[in-house]
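In the text below, chain A, chain B and the rest are named by the order of the sequence lines, each starting its count at 1. The structure displayed is predicted, hence computed values, not measured ones.
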2 protein chains.
Amino acid sequence: MAASTLTEVARLAGVSPATASRVLNGSARKPGKDIAERVRQAADSLGYIPNAQAQGLAKSSSGLIGLIVHDIADPYFAAIARGVQEAAREQRRMVLLATTGGAPGEEKEAVAAFAARRADSIVIAGSRSSRAEDREDNAELAAELDRYCRNGGQVAVVGHPVVGAAAPEGYHVVAVPNQELAADLAVELAARWDGDFVIIAGPEGLFTSDDRVRGFQEGLTRAGRGPAEVLRSSFNRDGGYQAGLQLAARITAGGPDGGGLGIFAVNDVMAIGAAAALRAEGLRIPRDARIAGFDDIETLRDFRPALSTVSLPLEDIGRLATRATAPRHADDDGQPAPPVTGRVTLRRSTEAAAG
Amino acid sequence: MAASTLTEVARLAGVSPATASRVLNGSARKPGKDIAERVRQAADSLGYIPNAQAQGLAKSSSGLIGLIVHDIADPYFAAIARGVQEAAREQRRMVLLATTGGAPGEEKEAVAAFAARRADSIVIAGSRSSRAEDREDNAELAAELDRYCRNGGQVAVVGHPVVGAAAPEGYHVVAVPNQELAADLAVELAARWDGDFVIIAGPEGLFTSDDRVRGFQEGLTRAGRGPAEVLRSSFNRDGGYQAGLQLAARITAGGPDGGGLGIFAVNDVMAIGAAAALRAEGLRIPRDARIAGFDDIETLRDFRPALSTVSLPLEDIGRLATRATAPRHADDDGQPAPPVTGRVTLRRSTEAAAG
DNA sequence: CTGTTAGCGCCTTCAG
DNA sequence: CTGAAGGCGCTAACAG
């Protein structure tokens, strides 16, 4: 990775490195027109590309923003990543990507790596966990973040704060009203179906999942219904599929669930998995089971029967998180970011007119 | 972004910075055990995190790998990104992400930005274009890449070489047999449907799209059939939807296409869009039209009717591209990467038993 | 407005 | 095996 340096450019242009720096990179001070032109020509003819590492070292700021997701191929994270990327581009920063599979230990590593690269800010998407097994890692993650912030780093977390993290300067949370929206969804569904509900959830301790479960139960209560049974499995398509198989067996067996079921999967991907399982067992939606998800993943919208869900502005969330970590401008009204809002989106998968 | 420095650690440990460096970061030379322990403790108590920028400056290599995609939220790119990310982690490197919407001008910018950050290598995914309007930008992109390689950078391109790029040291192409596979697909489809075929393609000049179109026509010829009509629209879900609407109108109107149609969309996302359009117009698949895509996107596999397609090992492709740019090891047999292979995957969307 | 002088934090020769 | 010195490429204070 050798390349021509600023010094070479300066020499070619017959000026000092400082002057060359001033014309080539943004400086408050403007060198003379003629000189500037000569420098620019020299730079051009040498194919000069500033060394961002050196600039970063000198200015102690890197123009880098670190993004932490569970899995970039998961459409939920991919959508957020798109928003982050867009905002980053607006701010003329580049994004560094880290995937962790959701393990707090890995997240801690990622934060350290970002800190090492002197990323100006870090966006953490993806559910935090409060499982006992993660306690220690969570504590380390919190400590790492804390240190990062104390050193001037900006952090934005999507959804929930990191467990045990203090809230130092530079620590922002983009709150997502998972619980409220899940409650709204439950109310709507309860108005359209008076049989039993079952919730397909992720592992206990995942905040996003837990919030949605809690909200849904709350909504049922509000609608005068008893709480739904909760089935736990992994927080992805296969988890939904497994749970779906169980439910299919019940429905098929007749019994209390033979009349059908209202299913709420805590995210769209799981809902799709569950739907696939039901179908594989010969059941039909919404005839034999109504099913709803959460997120309103774009790629899944052409799915049939169209999935009832809660629409979340995933891209905006990424954008907001990124903006929250941006250096404050003068023309910045200093207002906290607008809160994230979502809305219940009912589609065919929970349609009343079933038989 | 202040943080404790190596010098501070050294001072605390009562040794020279050089020694501290040797124990903390990988050096061939091993300081004494006692000394090493003291340094490590000092580092620990200070929460020392090495400054990668400074390390990069000194070693002139950054441990960064740049990834260029059209859109990270597109499942095709997301899958490749996952592979890149995995390989990067194996090599203990971090990935820098850039999205370009496929515009060669943006890609050139991205390459320059990566070069500025002194990324050790760059992976370019996403179709290159040979459209006249892109000529100039393509040339600049090629020049930029060329310079990057000459400066010691490693480049891997997925699918096609960049238009007009020389093939200097460090320039690798991960070839994807789009044409062959499309031909195979055509042969299989032709064996199962003897009506007309129509191809829903991306804009002319997109290599990936063009290759698949060409291959499909070739396959038809091989099967003793005449060439299919080609409908062009944008290379995404909406493009597929638009084209689907047109085809639906034809089929509905009866006429020559009233008996049904065999549709090949050059990628899964477009195929899903087209299917959605047909359905919206009251048509059914595969009864009124058979439809096939390309890529075998994971998220789309639960789609019904299940989409016939060509399976591509997207993650592997990302991994291979990344590995191709890795510094050569001693135990490296120097073999070129294994070629990418795919296979035709027939599912219900093109099933013969329709009526 | 330009040039000179110091570093930014680290690694890597080179002596000791 | 350790320490001292120089430099990676650039910017930010100072002088002139």
B/E37 CD - D/dC1 P separation (whole Å): 17 Å

Candidate nucleotides C/dT12, C/dG3, D/dT2, ranked by approach to the side chain of B/T19 - the nearest: D/dT2

base_contact_polar (D/dG9 base, B/R118 side chain, donor-acceptor, <3.5 Å): no

Closest nucleotide among C/dC11, C/dT4, D/dG3 to the A/S16 side chain: C/dT4

Closest to the A/R22 side chain, choosing from D/dG3, C/dC11, D/dA13: D/dA13

Between P of C/dG9 and CD1 of B/I49, the distance in whole Å: 14 Å

A/T325 side chain near A/V155 side chain, heavy-atom distance below 4.5 Å: no

Any A/T5 side-chain nitrogen or oxygen under 4.0 Å from OP1 or OP2 of D/dG9: no

pair B/L64-B/R93: side-chain heavy atoms closer than 4.5 Å: no

Proximal nucleotide (of D/dA4, D/dC10, D/dG7) relative to the B/A58 side chain: D/dG7

Heavy-atom side-chain proximity of B/I65 to B/L96 below 4.5 angstrom: no

Distance, rounded to the nearest Å, where B/L57 contributes CG and C/dC11 contributes C1': 11 Å

Neighbour count above 12 (heavy atom, 6.0 Å) for A/E133 CD: yes

Pair B/R319-B/E315, side-chain contact (heavy atoms from CB on, under 4.5 Å): steps then yes or no: CA-CA 6 Å; B/R319 242 187 306 260; B/E315 257 183 78; 3.8 Å; yes

Between P of C/dG7 and CD of A/Q55, the distance in whole Å: 21 Å

Sugar-phosphate, base or nothing in reach of A/P50, heavy atoms under 4.0 Å: sugar-phosphate

For atom CG of A/L6 and atom C1' of D/dG7, their distance in whole Å: 16 Å

Interatomic distance where NZ belongs to B/K59 and P belongs to D/dG9 [whole Å]: 16 Å

Length of the CZ-C1' vector between B/R117 and D/dC10, whole Å: 14 Å

Under 4.0 angstrom between A/S60 side-chain N/O and C/dC8 OP1 or OP2: no

Whole-Å gap separating P (C/dG7) and CG (B/N51): 18 Å

